J.: 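If you scroll down you'll find the structure; I have some questions about it.
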Amino acid sequence: MPEVEEKGKTTLTKKTENVAPGGVQTRVVGPVPPLGGLWRDLIAYWILGLCNIYGYVVMLSAAHDVLDKFPHQTRSDKPHERDCHLVSTGAILLADVLPAMFVKMIMPFVPFRVHFLVALAVIFSAAGFLLVAMAYFEWMAILGVVITSASCGIGEATFLGYSSKFNKNVVSTWSSGGGAAGVIGSLSYAALTEFKFSPSESMLVMLIFPFIEAISFWVLLRKPQRAAASAITGALIEDQKPLIGFAQKFAYARTLVEYMMPLGLVFFFEYFINQGLFELVLFKNIFLDKSSQYRWLNVAYRIGEFVARSSVNLFQFPKIWLMVVFQFMNLVYFFTEVTFNYTPSVWITFTIVVWEGLLGGGAYVNTFYRMSHEIPPVRLQFAMSTVVQADAYGIALAGFLAIPVHNAICSLPLIESCASIIMVIIQTLHLAQSSEMVPPNIVIIMADDMGFDDVSFRGAKEFITPNIDALAYHGKILHRLYAPPMCTPSRSALLTGLYPFHTGTQHYILLNQEPWGPLTKFITMPEVFQAHGYSTNLIGKWHLGMGHKQFTPTYNGFDYHYGYWGAFIDYYDKTSKMETPGFSLGYDFRRNLDLECDKGNNTYVTDLFTAEAERIIMQNSGSKTLFLLVTHLAVHTANEEDPLQAPEEEIEKFSYIQDIRRRKYAAIVSKLDESVGRIVYALDRANKLNNTIVIFYSDNGAPTVGLFSNTGSNWPLRGQKNSPWEGGTRISGAIWAPLLQNRGSIFQQPMHVADWFATLAAAANIHLNQSLTLDGINLWTELVTSKTDTPPYSEREIVHSLDNQAEMYSYSKGQYKYIKGTSLEGRYDYHLSQRPKKIIDPREKYYYENIRQSAAFQALQKYDEKPLTNSRMHNLRVKASVQCEAKSLKPNSNCKPLEEECLFNVWKDPCEQRNLARLHKYDNIMKSMREDILKLKATAAPPLTGRGSPEYDPSRYDCTWTNYLDIFPKNYMLPCNRELLPCSRIA
């Protein structure tokens, strides 16, 4: 029993120690502080256990995010491939344990200068957090992990060795604090990241823990007093003599194997699971994404570990070898689970993880608790410092083996579950019995006048487009998608599969008052799909003629139309006033041929189109396959008096943009993006998404300046709408379909909107009549099978503009693009947009989380071949961005197309800055392209333009844009204003 002297005096503790067989029991006197302040020591050691291991735990919890921060580490895109890092989190484990192991190996043999060692541990801990937080390169992050590991090793060996100078119960509170570090570390990191702190910000917050560690040691923990002179007489037996010199210490270390072996094996199995297999555990379509699952599995493990480490004073379990067997059984479960994915519920896995933590924590605390009772105090400091190496050896071995095993499992095909295997077999048998494939639904969402750089998946940060980006990242980014540079030509190319110079739409847009219908002589895409059993629907803009009924959508292949016939309308009152002098305001909104009046006359038109698309999707009975073309007004301007319109609450979201016109434009884009998300989500709710092709693109480049200017940005491309340059013809687009292989990639092939006719017909297994001559080509096979690194065609020909009337020609073959002539005397021949560096959407800070929370992402992720990680999205965003050549241009290397011919290698010079036509080595290419253009010019149809007449003015048709060639005008003219509009009079 303890023999306690007066308060404030030295206490002599008498202990009866167990010694080796043949020894004698001897009373040993140890230098411990007075018992009256024991609570300080117990609390201090609990906090020291917490702070010392906290950084180590956080680094392991953050391992997935540390790797995710560096985008080059993900695997290349392959169908049915697991979502794996090329370097497993086992690499972080090695960086986290090897320095600690090295430190622990040498600590028993170095002078025990406790204050110096503790200061070193505190400094290293703080430095580790800072390096990982500030890392711009992978080596910086790994170095931060290494330094944190060294801090942990120094601290553990020092504090456990120092514990021999205190009451034996500090070992249990140290272990409990270490267990609490597991819970608090993993939970705090998971919580901070869930509450929108970035991994770097989370690391900076955690800098408080090295400070707390220092306060606990130098302020809270009492100083051990010198032992009183021993009253024991007689010589000490050999096993209780202090260890002197390296030889004695090394010899004694071999007797500690009975403690080290089972502890090392438990930790080997435990960390092989945690850092080799946890990352591969994946439950799809639950409330946690992949990264969150990894973090919360670590939290569950740490909870079990904490409970076990805190229980030794209540319950002891000295049979550590039994824990080894149980932990091995856990390893078998996790290995088979990540291979075959057979567990039906994530909660089963969470329960097993808690059990794993109980075993790991129990093995640790019971080992050192036994030692504190079985080893003489004079040798306890060395023994503790030696046995503490066992967990490091086990963890290091686990880290080395985890990497090849992790990569081997990653190379296996993904098996989602036993049920999914059975379902695949059933579906295969069902399809084998089917005589024909089920044709896919087709949904095309077209923006109007949207800038090339006004989607954030190309790297723009001024405002983000989460739903459009989600569609692009889950599907394929159409990197070289081209369209005619104006509205009417672009729409005619889509619906006919022909270049505008073959339909007469090559010169300009079709004004409302012009009595043309360019589609009447051609078979249209909706007509073909209608003939093959599709329900064909158009929502939104038509812009291909209205004078005769025969010019309108329902006479050209569409079963149903909801929208407007002309070029543009007001976003609220649906009126349109042509820029041509003398023409009146007219109402232009229809349901098929009938006027459609919006009750209240104030519903934002983007919302109307979206709601109608949702209605059609949800009410489609399934008896007919769906063909849905949604041609938005957004982001085209409205009437000149109020060109940029959006709801006030939407505009307010972008108050950080100083330019009010650009701010309104951002709001219009935001509503368009919302529409994309709602349409995709509706397809999912209607159970149609599993057999639907979804396409998004803009009809042409943005008009940054000039007529119908909307401030759209085509950065870094040259030119804009109504010009022959890339800024007018190269557009942003994306496609998604479950039929596509290698989703989450970039389609590199040059593609023209005229290709959609043949391409979608092939996707629907529609064999086009050989008499149907198209300019567009079938790219369906290429779209299905392509990868990001699939090289583009070297000989693909695309006619961007061929206008004999304006003498403007823009033509590309493979990588080369020829331009001769331009529009509006060269007014738009320059780089008209810049990407602002300081105007950044606040949501950009958590860009990837915003993508994940979008409606489109939530719907599409169910069909992923492999989870869409942040690093994969980052890779796509980087690769989809377009950069101009950094090299300085030679004098006069630019081109003046009104004076000379131009030739650009647009694959290397997408910004059309370096004119190659002046270099003789390109003479043969120039000759070939001139010959091609001469042949094409010979096939051009005369342009449909002009002949608009005042008698077609809305004032003669009750202030309505109508089929003015089919009906007689009124014998009166109304002074058209918003009070005299037809829907206003009805109201």
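Keep in mind that what you see is a predicted model, and the values were worked out from it rather than measured. Residue numbers run from 1 in the order of the sequence given.
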J.: Show, in sequence, the C-alpha distance, side-chain angles and deciding distance for Gln327 and Phe268, and conclude whether the side chain to side chain contact (heavy atoms under 4.5 Å, CB included) test is met.
T.: CA-CA 9 Å; Gln327 201 70 295; Phe268 166 69; over 6 Å; no
J.: Can you confirm whether Asn330 sits close enough to Phe326 that some side-chain heavy atom of one is under 4.5 Å from a side-chain heavy atom of the other?
T.: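 No, side chains not in contact.
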J.: Treating Thr158 as the side-chain partner and Gly155 as the backbone partner, does any N or O pair qualify as donor plus acceptor under 3.5 Å?
T.: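 The answer is no, because no donor-acceptor pair under 3.5 Å joins these two groups.
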J.: Is Lys837 close to Lys461 at the side-chain level, that is, under 4.5 Å between some pair of heavy atoms?
T.: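 No, their side chains stay 4.5 Å or more apart.
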J.: Where the side chain of Thr367 meets the backbone of Ala363, is there a donor-acceptor pair that is under 3.5 Å apart?
T.: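 Such a contact is found between Thr367 side chain and Ala363 backbone.
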J.: How about Thr148 and Phe129: do any of their side-chain heavy atoms sit closer than 4.5 Å?
T.: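 When only atoms from C-beta onward are counted, Phe129 and Thr148 do not touch, as no gap falls below 4.5 Å.
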J.: Taking Arg872's backbone N and O only, do any of them form a donor-acceptor pair with Thr869's side chain (distance below 3.5 Å, no angle check)?
T.: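 Side chain of Thr869 to backbone of Arg872, a donor-acceptor pair under 3.5 Å: yes, one is there.
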J.: Does the side chain of Glu213 come under 3.5 Å of the side chain of Tyr54 through a donor N or O and an acceptor N or O?
T.: no
J.: Would you find a donor on one side and an acceptor on the other, under 3.5 Å apart, between the side chain of Ser216 and the backbone of Ile212?
T.: yes
J.: One pair to check against side chain to side chain contact (heavy atoms under 4.5 Å, CB included): Phe209 and Ser125. What are the steps and the verdict?
T.: CA-CA 9 Å; Phe209 283 89; Ser125 178; 6.0 Å; no
J.: Out of curiosity, Lys845 NZ to Ile840 CD1, how far, rounded to the nearest 0.5 Å?
T.: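 Those atoms lie 11.5 Å apart.
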J.: Okay, side chain of Asn366, backbone of Gly362: is any donor-acceptor separation there less than 3.5 Å?
T.: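 Confirmed, Asn366 side chain pairs with Gly362 backbone.
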J.: Yes or no on side chain to side chain contact (heavy atoms under 4.5 Å, CB included) for Phe272 and Leu397, after CA distance, side-chain angles and deciding distance?
T.: CA-CA 8 Å; Phe272 189 93; Leu397 182 60; over 6 Å; no
J.: Establish, for the pair Arg877 and Tyr847, whether the NZ or CZ atom is under 6.0 angstrom from the six-membered ring centre and no further than 45 degrees off its axis.
T.: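 Yes - Arg877 lies over the ring of Tyr847, closer than 6.0 Å to its centre and within 45° of its axis.
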J.: First locate atom CG of Asn875, then atom CE of Met873, and finally report the distance between them rounded to the nearest 0.5 Å.
T.: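 Reported value, rounded in 0.5 Å steps: 11.0 Å.
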J.: Evaluate the side chain to side chain contact (heavy atoms under 4.5 Å, CB included) criterion for residues Phe217 and Val114: first the C-alpha distance (whole Å), next the side-chain angles of each, then the deciding distance (0.1 Å), finally the verdict.
T.: CA-CA 10 Å; Phe217 180 77; Val114 66; 3.8 Å; yes
J.: Can you name the nearest heavy-atom pair linking Leu42 to Thr173, along with the distance?
T.: O-OG1, 3.3 Å
J.: Provide the closest heavy-atom pair for Leu263 versus Val387 in the form atom of the first, atom of the second, distance.
T.: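 Looking at all heavy atoms of both residues, the closest pair is CD2-O, 4.2 Å.
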J.: Using only heavy-atom distances, determine whether the side chains of Gln853 and Asn850 contain a donor-acceptor pair under 3.5 Å.
T.: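 Per modelled atom types, Gln853 and Asn850 side chains form no pair under 3.5 Å.
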J.: Check ring-ring contact (aromatic ring centres under 6.0 Å, His included) between Phe116 and all other residues, then give those that pass, not counting sequence neighbours.
T.: none
J.: Compare all side-chain heavy atoms of Leu265 with those of Trp321 and state whether any distance is below 4.5 angstrom.
T.: yes
J.: With rounding to the nearest 0.5 angstrom, report the CG to CD1 distance, Leu120 to Ile154.
T.: 4.0 Å
J.: Can you list everything that forms a side-chain hydrogen bond (donor to acceptor under 3.5 Å, both in side chains) with Tyr162? Sequence neighbours excluded, please.
T.: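 Result, side-chain hydrogen bond (donor to acceptor under 3.5 Å, both in side chains) vs Tyr162: none returned.
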J.: Do Thr349 and Tyr333 get their side chains close enough for a donor-acceptor pair, meaning under 3.5 Å?
T.: yes
J.: Looking at every non-hydrogen atom in both residues, tell me the closest pair between Ala300 and Phe350 and how far apart they are.
T.: CB-CD2, 3.7 Å
J.: Just checking Ile215: does its CD1 atom have more than 12 heavy atoms from other residues, nucleotides or ligands closer to it than 6.0 angstrom?
T.: yes
J.: Nearest 0.5 angstrom please: Leu876 CG to His874 NE2, how far?
T.: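 NE2 of His874 is found 10.5 Å from CG of Leu876.
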J.: Determine whether Met261 and Val324 make a side-chain contact, defined as any pair of heavy atoms from C-beta on separated by less than 4.5 Å.
T.: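 Not touching, per the 4.5 Å side-chain cut-off.
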J.: For Phe124, give me all partners under ring-ring contact (aromatic ring centres under 6.0 Å, His included), at least two apart in sequence or on another chain.
T.: none
J.: Could you check whether any side-chain N or O of Asp41 sits under 3.5 Å from a backbone N or O of Leu221, counting only pairs where one atom can act as donor and the other as acceptor?
T.: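 No, Asp41 side chain to Leu221 backbone: no donor-acceptor pair under 3.5 Å.
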J.: What I'd like to find out is whether the side chain of Phe334 reaches to under 4.5 Å of the side chain of Val353, using heavy atoms alone.
T.: yes
J.: Testing the basics here: between Ser151 and Ala121, what is the closest heavy-atom pair and its distance to 0.1 Å?
T.: OG-O, 2.6 Å
J.: To the nearest 0.5 angstrom, please state how far the CZ atom of Phe306 sits from the CG atom of Leu50.
T.: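 So the gap between those two atoms works out to 9.5 Å.
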J.: Can you classify the ring geometry of Phe159 versus Trp174 as parallel (below 30°), tilted (30 to 60°) or perpendicular (above 60°)?
T.: tilted
J.: Can you measure from CZ (Phe166) to NZ (Lys223) and round to the nearest 0.5 angstrom?
T.: 8.0 Å
J.: Quick check: do Ile375 and Tyr259 have side-chain heavy atoms less than 4.5 Å from each other?
T.: yes
J.: Could you tell me whether the side chain of Val118 reaches within less than 4.5 Å of the side chain of Trp218, counting heavy atoms only?
T.: yes
J.: Looking only at heavy atoms, what is the nearest atom pair of Gly304 and Leu358, with distance?
T.: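 Smallest heavy-atom distance, with atoms named: O-CD2, 3.2 Å.
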J.: Could you tell me which non-hydrogen atom of Ser176 sits nearest to which non-hydrogen atom of Trp46, and how far apart they are?
T.: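 For Ser176 versus Trp46, the nearest heavy atoms are OG-NE1, 3.0 Å.
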